[in-house]
There are 2 protein chains.
Amino acid sequence: MENDMTDTGSRRRVTIREVAERAGVSMATASRALSGNHPVPAATRARVLRAARDLDYVANAHARALVGGGRKMAAVVVRQVTSPFYAQVAEGVEAEAADRGWLCVVGATGGDPQREMEFVQLMREEGARLVILVGGVVEDEAYRSRVAHYAQALDSSGARLVLCGRPAPDPDIPALVVEFDNEAGARAITGHLLSAGHRRIVFLGALPGNTALDARVAGYRAALAEHGLPPAAARVVDCGLGRAAGLRAMTELLKETREFTAVVAGDDMVAAGALRAIADAGLGVPADISVVGYNDIPLAEDFNPPLTTVRTPAEELGRAAVRIALRDPEHAAGSRHLLGTHIVVRKSVAPPPTDGGLTPV
Amino acid sequence: MENDMTDTGSRRRVTIREVAERAGVSMATASRALSGNHPVPAATRARVLRAARDLDYVANAHARALVGGGRKMAAVVVRQVTSPFYAQVAEGVEAEAADRGWLCVVGATGGDPQREMEFVQLMREEGARLVILVGGVVEDEAYRSRVAHYAQALDSSGARLVLCGRPAPDPDIPALVVEFDNEAGARAITGHLLSAGHRRIVFLGALPGNTALDARVAGYRAALAEHGLPPAAARVVDCGLGRAAGLRAMTELLKETREFTAVVAGDDMVAAGALRAIADAGLGVPADISVVGYNDIPLAEDFNPPLTTVRTPAEELGRAAVRIALRDPEHAAGSRHLLGTHIVVRKSVAPPPTDGGLTPV
DNA sequence: CCCATGTATGAAAGCGCTTTAACTTCCTCT
DNA sequence: AGAGGAAGTTAAAGCGCTTTCATACATGGG
């Protein structure tokens, strides 16, 4: 090589023109050999590839995207990356994207619509072809107009919009919805508790307006009804999600009443908080109170006791979002896909205490 | 607007030329008003901004990057996004990047060097200016040459390389190392056990060659020595990381011997597995065996019992990586930064059983 | 033997943007 | 009053690449 002992820190990138020159061909031929967009005789191709390797040529993705009018890039937007559930979804998206040679960027909003909008805007600038918004929301007017805006904006940039676990405000909107069947999942896990003999079951961690949670609450109520309980038997605590919320709400609930023998948590993190609150109150799980969660995060089996919960294959959700959106683009837009879930039985459920409960009515 | 009722799905993006025309200025002026790279009178600026808004103009990041010769983008590469520790680091990087208006892309390698190389290559093409490789490795010849290659390649693309929790094979290599002081952390947590009276402590989850784990093992041995124990008192189980590994190794260890009263786990996930194995063996923590972890993942306090562990502020590690690399680029390259850690005391440590241990010698 | 066909290659246009260099006003200073 | 600037603006160059269009040369059927 000619620059053996010369300045190594040369900042200028090698361009395709230099590769072409070294290979003794035109830029056009070099481009074709390198990108494979057009057949090139094996001998020529080899010469070009050789030159590229010698020069440590690195294609400029921007130039490519600029002329190519886009690029293979997907974006996944979550509340926070450190939430186990979101992390799994993101991993699924990343994996499925990587499988097709796509780049995947993840954005964290911290639940702030402002940052969500900024990120979507950024993705438009970056030319992402797939934007996946993950996580339940409260479906208010602001949300509806936000999503309508995204859908229109992304569509006009030629990008596809996927909503995971959140609703499309309008069936005409060109967004694909992929989510778990929350109602069925909650119905099943509540049924599990009912089958064990529980009759006083509280739902901890509702978030009125949040469609995902609302569906779970609906499933919970449906299960109660199926087992012949009156609507009044339902007890729903609107404390929202997260370990801290579960801890606080459960602590308060226990102070207020003990007329229940089981709790259905809005998700596993709420269950984690509830478990701690119950232990702090000197009660045992499942001896005194049975607890079930939702999502089956990786550490759910390390809770105390191991948590019976609903497994929502989060990584599969991420993969499905990409797969469906890319499979049949035209047909997919505007459709809704429901993914199934199933119960994972561990140690946090037992029949209610035989003495009739903590504080018999 | 003129295209009120017309075809909405127009795929062509609005360009700066159209904005300029509508605002009645040249492209140059429009560009300056939009990007703010050059002062423009307020009145003109307002006119351009107005036009851009009316047209729903979205800048093309590729064109920008192409002419600008790069872009504000950082990449963070981890083994898997779903590991709580890596997720936190990634979140830190994302947050710090977002604070400066940088884009952050995350890549998952699954621990495969091949994929790591592909990803680094991809980042070169994408023009990332900062590549952060996270996570301990075994420092073999392959690793050394890989990193040397990255460093050289990225440097020649004008990008900075940061190694988090893994070594720079050669002090001359233009890579910045940012990591926790593993030795000190392990020494402290082992000291905690020793102070509680334990003398037979096993280290579970070593991974010979992995520099991060090796440092922890070294810290563990150092603590033992400090308390006057002979080198032979050390017992290190090389089972690697992860919950499954911890579960399996602990199960086997318990079958083989019970001549220990405490275990230092390689990380919290190993601790999780160990906890389960001990419970499965009918033993109590901390009554029979004390257990400590490493990293203080968010759910460590929900373990059974809540885990005493070493807090390694993972998000701060991510933030620090970005901050240091960007703060003083020239000076930073080639330097090494150690972040401090501290013990978080919970419920998984007690004095050793007074009956002299499980199986007194 | 010549034209249609196919294959290999190259010159040049142009993707959307930023920036340089040049030009025009309009002041201000001497 | 005219030189010297400052301020505002623009035309045009060019970032690195892909692709169209054109060209050049073989090949083979009529």
Side-chain angles (χ1 to χ4, degrees), chain A residues 10-49 51-52 55-72 122 124-129 156-158, chain B residues 10-49 51-52 55-73 122 124-127 129 156-158:
Chain A
S10 96
R11 279 288 131 92
R12 237 190 34 66
R13 280 166 67 149
V14 174
T15 70
I16 203 173
R17 143 166 280 121
E18 297 164 62
V19 174
E21 272 167 18
R22 186 183 180 102
V25 298
S26 72
M27 284 173 59
T29 302
S31 169
R32 293 198 260 254
L34 255 12
S35 68
N37 290 351
H38 194 83
V40 161
T44 315
R45 142 106 90 306
R47 215 141 32 88
V48 173
L49 261 34
L55 260 26
D56 188 27
Y57 168 73
V58 178
N60 183 323
H62 298 303
R64 233 173 221 186
L66 182 55
V67 54
R71 83 206 294 201
K72 295 172 173 179
L122 186 61
R124 286 224 285 161
E125 295 183 359
E126 293 287 332
R129 287 222 270 258
S156 84
S157 321
Chain B
S10 96
R11 282 287 131 93
R12 237 188 33 66
R13 281 166 67 151
V14 174
T15 71
I16 203 172
R17 145 166 276 123
E18 297 164 63
V19 174
E21 273 167 16
R22 186 183 179 105
V25 298
S26 71
M27 284 173 57
T29 303
S31 168
R32 294 201 255 259
L34 256 11
S35 68
N37 290 351
H38 194 83
V40 160
T44 315
R45 143 106 93 298
R47 215 144 29 89
V48 173
L49 262 34
L55 260 26
D56 187 29
Y57 167 73
V58 179
N60 183 323
H62 298 303
R64 229 171 227 187
L66 182 56
V67 54
R71 84 205 297 204
K72 296 173 173 178
M73 178 167 113
L122 185 61
R124 285 226 284 161
E125 295 184 359
E126 292 288 331
R129 287 222 269 259
S156 84
S157 320

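Below, all heavy atoms of this structure are taken into account, side chains as well, without hydrogens, waters or symmetry copies. Everything numeric here is computed off the predicted structure, so don't read it as measured data. Numbers restart at 1 for each chain; the letters A, B, ... are given by sequence-line order, proteins then strands.
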Side-chain donor-acceptor pairs of residues 38-45 of chain A under 3.5 Å, sequence neighbours excluded:
from	atom 1	to	atom 2	distance (Å)
Arg45(A)	NH1	Val40(A)	O	3.1

Bending between helix ends of the helix from dC1(C)-dG30(D) to dT30(C)-dA1(D) [5 pairs per end, 10° resolution]: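 Its terminal axes enclose an angle near 50°.
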
Listed partners of Arg64(A) passing salt bridge (Lys or Arg N to Asp or Glu O under 4.0 Å), at least two apart: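 For Arg64(A), no residue satisfies salt bridge (Lys or Arg N to Asp or Glu O under 4.0 Å) once neighbours in sequence are set aside.
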
Validation row: Asn37(A), Arg32(A) side chains within 4.5 angstrom (heavy atoms):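 They are not in contact (no side-chain heavy atoms under 4.5 Å apart), so the answer is no.
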
Flag side-chain contact, heavy atom, 4.5 Å: Glu125(B) against Asn60(A):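 No, their side chains stay 4.5 Å or more apart.
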
Covered region of DNA chain D, 5' end to 3' end, by chain B [heavy atoms, under 4.0 Å]: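 Nucleotide range with atoms under 4.0 Å of chain B: dG8(D) to dG16(D).
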
Which heavy atom in [X] sits nearest to a heavy atom in [Y], and how many Å separate them?
| X | Y | answer |
| --- | --- | --- |
| Ile16(B) | Met27(B) | CG2-CE, 4.0 Å |
| Gly24(B) | Arg47(B) | O-NH1, 4.3 Å |
| Arg13(A) | Val58(A) | NH2-O, 3.6 Å |
| Arg124(A) | Ser156(A) | NH1-OG, 3.7 Å |

By side-chain contact (heavy atoms from CB on, under 4.5 Å) - contacts of Met73(B) (at least two apart):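 With neighbours one apart ignored, the set is Arg71(B), Leu103(B), Val105(B), Met123(B), Glu126(B), Ala128(B).
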
Stepwise side-chain contact (heavy atoms from CB on, under 4.5 Å) test for Ser26(A) and Thr29(A): CA-CA 5 Å; Ser26(A) 72; Thr29(A) 302; 3.3 Å; yes

Nearest-angstrom distance from the residue atom CZ of Arg45(A) to P of dT7(C):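 To the nearest whole Å, that distance equals 16 Å.
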
Val19(B) and its side chain to side chain contact (heavy atoms under 4.5 Å, CB included) partner, picked from Val14(B), Leu49(B), Val25(B):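 It is Val14(B), the one option of Val14(B), Leu49(B), Val25(B) that forms the side chain to side chain contact (heavy atoms under 4.5 Å, CB included) with Val19(B).
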
Residue met sooner reading DNA chain D from 5', once Ala30(A) and Pro39(B) are mapped to nucleotides: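 Nearer the 5' end of the strand: Pro39(B).
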
Comparing Ala63(A) and Thr44(B) on DNA chain D - which has the more 5′ nearest nucleotide: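 Its nucleotide being nearer the 5' end, the pick is Thr44(B).
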
[X] near the nucleic acid: base, sugar-phosphate alone, or nothing, with a heavy-atom cut-off under 4.0 Å?
| X | answer |
| --- | --- |
| Val25(B) | sugar-phosphate |
| Ser31(A) | base |
| Ala59(A) | sugar-phosphate |

Phosphate OP1/OP2 of dG10(C): any Thr29(A) side-chain N/O under 4.0 Å: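 Yes, within the criterion.
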
Could you run down the sub-3.5 Å N/O contacts of the protein with nucleotides 20-27 of chain C?
none

